[in-house]
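Down below is the structure, laid out as structure tokens.
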Amino acid sequence: MRELAKVYNPREIAPKWIERWFNSNIFVPKVDREGSIFSIVLPPPNVTGNLHIGHALGFTLDDIVVRYKRMKGFVTLWVPGTDHAGIATQNVVEKELAKEGLTRYDLGREKFLEKVWEWKERYRNNIVNQLKQMGFSCDWSRERFTMDEHCSRAVRTAFVSLYKKGLIYKGERIINWCPRCKTALSDIEVEYEEAKDKLYYIRYPLKDGGYITIATVRPETMLGDTAVAVNPEDYRYKSLIGKVAILPLVGRELPIVADDAVESSFGTGALKVTPAHDPVDFEIGIRHNLPSLKVIDLDGNIDCPDLDTYTGLDRFTARELIVKHLEEKGYLEKVEDYTHSVGRCERCGTIVEPLLSSQWFVAMKSLAQKALERDSEIRFIPERWRKVYHDWLLNIKDWCISRQIWWGHRIPVWYCLDCNETIVEMEDPKYCPKCNSLNLKQEEDVLDTWFSSSLWPMSTLGWPDITDDFKRFYPTSLLITGYDIIYFWVARMIMMGLEFTDKMPFKEVYITGLVRDEKGRKMSKSLGNVIDPMEIVQELGADSLRFALASLVTEGQDVNIGKERLEGARNFTNKIWNAGRYILMSIRNPVKPESLDSLDVFSKWILSLMDETIERVTYCYDNYDFNEIAQVLYSFFWDYFCDWYIEISKFLLKDNPSYISWVLLYVFRTYLKLLHPVMPFITEELWEYIKDEDNILSVSNWPAVLGFRDEDSIKMANVIFDVIKSMRSLKQEMGISFEKKIPGFVHSETYRELILSQRDIISSLAKIEPLEVLSEILPPQKGIISNVKSDFDVYIRIGDVVDIDKEVERIKEKIEEIEEQIARIEERLRNRDFLLKAKEEAKEKERIKRENLIKEREKLLQRLSLLSS
RNA sequence: GGGCGAAUAGCUCAGUGGUUAGAGCGCCUGCCUUACAAGCAGGAGGCCACAGGUUCAAGUCCUGUUUCGCCCACCA
């Protein structure tokens, strides 16, 4: 067998496995295989750039489950793909162009799109490469892109179908407009943020004399005012309803109307109404039949036909100037500091401008209704997210799906320029079906990216065609994603899935937290706390990153990760590597014993523990308990297998090389399997050296238990460990270096035979030499110090250093401690209610504990009396 | 304004109602012991946010309070 490097080097190992995995199609489910299906779609990463740590988290969890299910024998499919990410990608490409001093308009639509496709090609390759480096076991033969031919057909099918059902319509509404991206946004693409602003109190003169004061944070919108509104119940203004106010600076006459939407307690209780630039005002406008005057254009500049003073100015510059003019002319009553929330474009951070515009919408009510009715068909993990999803559906508003950008699915709508007919069909129209005109023009706008995303579980599996894949793998089994896109993605996939397939697109949704830095802060470039997963893969390896992430995932909590945690995982990876090295170097002719009962206590102990670990870990995998998977695997391996069994195996191998080699190999092989879903690379590599099956780990079977458990050996092994630990701590407590060999004694009534038989191991692991096993307790003497336990006593000789008084002191302290504990337990055992109501198990536990403590106390007292005589 | 989550060791976090609350990192002491110094051995460090309640028994369940964080909402 070849010798392994002393330190695990993922950079040497990983490329080989990436090649082997992805060149051999092992992640492509076999057509003819039977068995339960486990299918999952990759939440498609954007083609904007690189994988970030959030992807790494979600996809790691996906892969852990996928690899586990595959080993468990499920016919497993993980469909990958990428998302065109309309606004985001268009923005990055525009930024690239800006470096050459160009805008997309300089290129024109066609040329610009060519550029974006080039970009997409480059970053698609980049991301696919990164996903492979992370070890994610996707079936790349089924890769999809949200704008590929197939997905585009799915989008078209969905659009046409919804249109024909009347669920897609074009309407003039107040929408959120980003003046920088120059497009409409849906409501959830706007992020609200607290801002310190001013509240301006402005006097609107009344036609009949006097004035009414209104309060606003956006004085620039007054140019578009077409009314003043008050609450109908507001006694202050009742007499003014129906009267006319004069808009300052402009001179326009504004009716004073009464509307319930006005909150009397806010500001002065009077509201300026700008129907074209505020959703509430728009509603008021409809109710009172008011005109809508647009005064801010698509660039966010003022464009007021009635007054050209401000036209062409940026909305915020105009604000300052208008305030100045109002003040000069005596219209400004007062200005107050005011904190409120302003909406910003999710993609670029620009303050969003609400404006009246003609856009395409999906009517959501009926879709949401269906999703609500069939709520019970989906499982949320953790369950609490269901309510979040639920509440959103209950208050759902129509979805603005048109975007005034170029990169995306062009809306499949044609207008007849002669008769104004709107044509929406699966095939591109050649002429107007109504007037036969050839003068047709396609809609310029493209669809919201999330429209295609909402079809992802269906479109990746073949829909709208009912393909074999679709029949076999749809609906998918599980979706893992972050809580930040429950509205954007999860809810919409569910609605579309039900609409088009009458099925939930997935049976379970596992909602992860978001990745933050080790202090719980968001990762951001400005804070300099961003962890780049690919950098970690380079430095520490994908396995370490995956393990660190998994170990931090608890249901729904945010994941705080720092460099230390990653290094800890790297250390663990290296520990596994070195254990493998040790095993390879040590084993000789492994032979499985005829009967496991013939093995030594330690082997029986580790085999019992191995079985237990298989069961525990399997349970955790089944329940998506990721941090527990990591913890159980870590602790079994490091604290038990390495710290004890491997150390002891160094002795056992001398007498019994074949059997012990077998135990070492069996445990290690089994362990590699249990670990494989979390750390695919290192486990595959080590497996190559020790495997006893003719396959690689990725397609091997989940380990079965031996069905072996020997309670006596578990107890006995633990006694030996306790003896060793007692001696070690006694030594070091006395300031003797661990390495220094000193003489010592053990005495035990119950376990004398056991200790006698394991004397060499104890002596060696505790560095006690010579070690004498006594048949009676050792009478106190100068230079001897003891550690008395219920099952045994240990003693060490430390020369003349310690005097009897100190030893007496130590023992007295211990007795005190123990008596306190005994008192507590006895009180409990005297308690009537406890005896009456507690479970028998709990009572028995207390009794055993008391017995042991009493035994220990007796021994301590005995030693004390010997010492004092 | 409504909803949700969190509060446990110096830090980041686990903790199926069972009584002596754990881990990793950090810290202290001693070790390059022939798998591993990315390691080994030993150790220190906690009124489990606060106040009530339920229970034989509460870090764990209930109520309230405080402090942080997040989401939602048309008070301009």
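Proteins come first, then strands; the chains are lettered A, B, ... in the order of their sequence lines, and each starts at number 1. Heavy-atom basis, side chains included; hydrogens, waters and symmetry copies ignored.
- Consecutive pairing runs in RNA chain B reach the stem threshold at B:1-7 with B:66-72, B:10-13 with B:22-25, B:27-31 with B:39-43, B:49-53 with B:61-65, where a stem means at least three Watson-Crick or G-U wobble pairs with distances under 3.5 Å.
- Atom-to-atom, CD of Q732(A) to P of rG42(B) comes out at 7 Å; the value is rounded to the nearest Å.
- No N or O donor and acceptor, one from the side chain of R824(A) and one from the base of rU19(B), sit under 3.5 Å apart.
- Going from atom CD1 of I629(A) over to atom P of rG15(B) covers 14 Å, rounded to whole Å.
- Summarising the geometry, the separation between CZ on F738(A) and C1' on rG30(B) is reported as 10 Å, rounded to the nearest angstrom.
- One interatomic measurement links the two molecules: CD of E567(A) to C1' of rG26(B), which rounds to 12 Å at whole-angstrom precision.
- Rounded to an integer number of Å, the gap from I576(A) CD1 to rC36(B) P is 16 Å.
- Close to rA35(B), at under 4.0 Å from its OP1 or OP2, lies a side-chain N or O of K650(A).
- Looking at the side chain of K575(A), the nearest of the listed nucleotides rG5(B), rC70(B), rA35(B) is rA35(B).
- Remark: the separation of the C1' atoms in rC40(B) and rU34(B) is 14 Å, to the nearest Å.
- Rounded to an integer number of Å, the gap from NZ of K839(A) to C1' of rU19(B) is 13 Å.
- A donor-acceptor contact under 3.5 Å is formed by the side chain of R570(A) with the base of rA38(B).
- Other residues, nucleotides and ligands place no more than 12 heavy atoms under 6.0 Å from the NZ atom of K741(A).
- An OP1 or OP2 oxygen of rA76(B) is reached within less than 4.0 angstrom by a side-chain nitrogen or oxygen of Y338(A).
- For rC40(B), the OP1/OP2 oxygens have no side-chain nitrogen or oxygen of W644(A) closer than 4.0 Å.
- Between K397(A) and rC74(B), a side-chain N or O to OP1/OP2 separation shorter than 4.0 Å is present.
- Between K387(A) and rG2(B), a side-chain N or O to OP1/OP2 separation shorter than 4.0 Å is absent.
- Applying the 4.0 Å criterion to OP1 and OP2 of rA37(B), one finds that K6(A) has a side-chain N or O inside that range.
- With rounding to whole Å, F651(A) atom CZ is found 11 Å from rU33(B) atom C1'.
- Dashed line: the shortest gap from a side-chain N or O of N395(A) to OP1 or OP2 of rA73(B) is not under 4.0 Å.
- The base of rA41(B) is not paired with the side chain of E647(A) by any donor and acceptor separated by under 3.5 Å.
- With distances taken from any side-chain atom of H340(A) to the nucleotides rA35(B), rA76(B), rC4(B), the minimum falls on rA76(B).
- Side-chain nitrogen and oxygen atoms of T554(A) include at least one within less than 4.0 Å of the OP1 or OP2 phosphate oxygen of rA14(B).
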